[in-house]
Amino acid sequence: MEYIMPNRLDRGFYQFQKEFEEKAVEVLRSGWYILGKELSAFESEFAEFTGAKHCVGLANGLDALWIAFRVLGIGSGDEVIVQGNTYIASVMGITINGATPVFVEPDEYFNIDTSKIEEKINAKTKAILVVHLYGQASNMAPVVELCKKYNLKLVEDCAQAHGAEFRGKQVGTFGDIGCFSFYPSKNLGAFGDAGAIITNNDQIAESIRVFRNYGSEKRYYNKVVGANSRLDEIQAGLLRVRLKYLKDLSREKELLCKKYLAEIKNSKLLLPQIRDGATHIWHQFVIRTNERDTLIQYLNEKQIGTIIHYPIPPHLSEAYAYLGLKEGILPITEEYAKTVLSIPLYNGMTGEEQDYVISCLNAF
Ligand SMILES: *Cc1c(COP(=O)(O)O)cnc(C)c1O
């Protein structure tokens, strides 16, 4: 068996090769590369897909996060509540603006434990950032309630969960702003960097539209000190191609994961669980094991690659040493960082590849 990588982006390309190539050539030949009709079309199509009123394309997911907090006026002296076990970009989105992250432990679905949020709310708390980690929608009902009760902004990091739903409503539409990344490995992936925000608020959409283009509404007239964070025409066009098939692509991954759930049988491995009322678009299939190092090495010998999402929780990262948070303050987050492992999963994965991964895992 050829080495099985944890992810295969080339397979996702070849699934729609002709359409991607035609679109790229169409944009190249159009002579218009930034802020054009492909972006406008993608923005309307993605807004419609999510059920949000507006979508604004941005250069990447991190920009979506920090620009979201910037236009909400959250910065120095403010606190934002976020789960401890997330990709560090979620936290950077908060701290780039000078705000302070306040970490909450995750639940058994790897998302924020909503029963532990209220104890962290104080006069400085301005927002909750919910991360729909690994592709599963978080438990949104209590979060929405807390945001109402304490008058907090609600931002969602949907970088891993395009199209996931909680009680029939798509992630990104529960609060003020939903932030997306279209980094190539995400379920809706571009062929370079790309991101977007969605919102139902006209004012927020307009502010972000202006902010992403040097704070300018009209060429050379600048209202605010903004950023250069535009989603280019080629990426927007290619995302439009993939978006047409996103439901099918998520379904394909779901079938692969259902097979993993049904056929991986090994008492050393804990399989992911799905919350009642939530859907999972399976950005990653994340198992847990106390014998992670041995498992990684064993799978490597069997020509199977894996990734750890994520080995160092943000509060213990060198980048956040200045927060002064020591090991031991978030035991569940830290335990997950020591035990999680993502096994191979991608669109275009063959039955033969998956059967081999399953039989190796069961023999471990
Ligand atoms: C990928 C990711 C981001 C950042 O997106 P980029 O486009 O890489 O900047 C933010 N949050 C989460 C949870 C992510 O997975």
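Whatever order the structure lists them in is the order used to number ligands and atoms, beginning at 1. Every heavy atom of this structure was used, including side-chain atoms; hydrogens, water molecules and symmetry mates were not.
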Subject >> Nitrogen or oxygen atoms of Tyr87 and ligand 1 under 3.5 Å apart >> reply: no
Subject >> Per-residue contact class, Asp157 against ligand 1 - non-hydrogen pairs under 4.0 Å >> reply: side chain
Original post:
For Phe182, is the NZ or CZ atom of Lys186 found under 6.0 angstrom from the centre of its six-membered ring and inside 45 degrees of the ring axis?
Top reply: no
Subject >> Top protein contact for atom 9 (O) of ligand 1, by heavy-atom distance >> reply: Leu62 N, 2.9 Å
Original post:
So, Asn187 versus Lys253: side-chain donor-acceptor pair below 3.5 Å or not?
Top reply: yes
Original post:
Less than 3.5 Å between some nitrogen or oxygen of Asp193 and one of ligand 1, yes or no?
Top reply: no
Original post:
How close does the nearest protein non-hydrogen atom get to atom 2 (C) of ligand 1, and which residue and atom is it?
Top reply: Lys186 NZ, 2.7 Å
Subject >> Tyr183 atom OH, neighbour heavy-atom count above 12 within 6.0 Å >> reply: no
**OP:** Locate the shortest heavy-atom distance separating Lys53 from Asn200; write the atom from each residue and the value.
**Re:** N-OD1, 2.9 Å
Subject >> Sub-4.0 Å atoms of ligand 1 with respect to non-hydrogen atoms of Gly61 >> reply: 5 (O), 6 (P), 7 (O), 9 (O)
Original post:
Is it true that Phe285 and Tyr134 have ring centroids separated by less than 6.0 Å?
Top reply: no
Original post:
Is the number of heavy atoms from other residues, nucleotides or ligands within 6.0 Å of CD (Gln273) greater than 12?
Top reply: yes
**OP:** Run the numbers for me: atoms of ligand 1, each under 4.0 Å from some heavy atom of Ala89, listed by number.
**Re:** 3 (C), 4 (C), 10 (C)
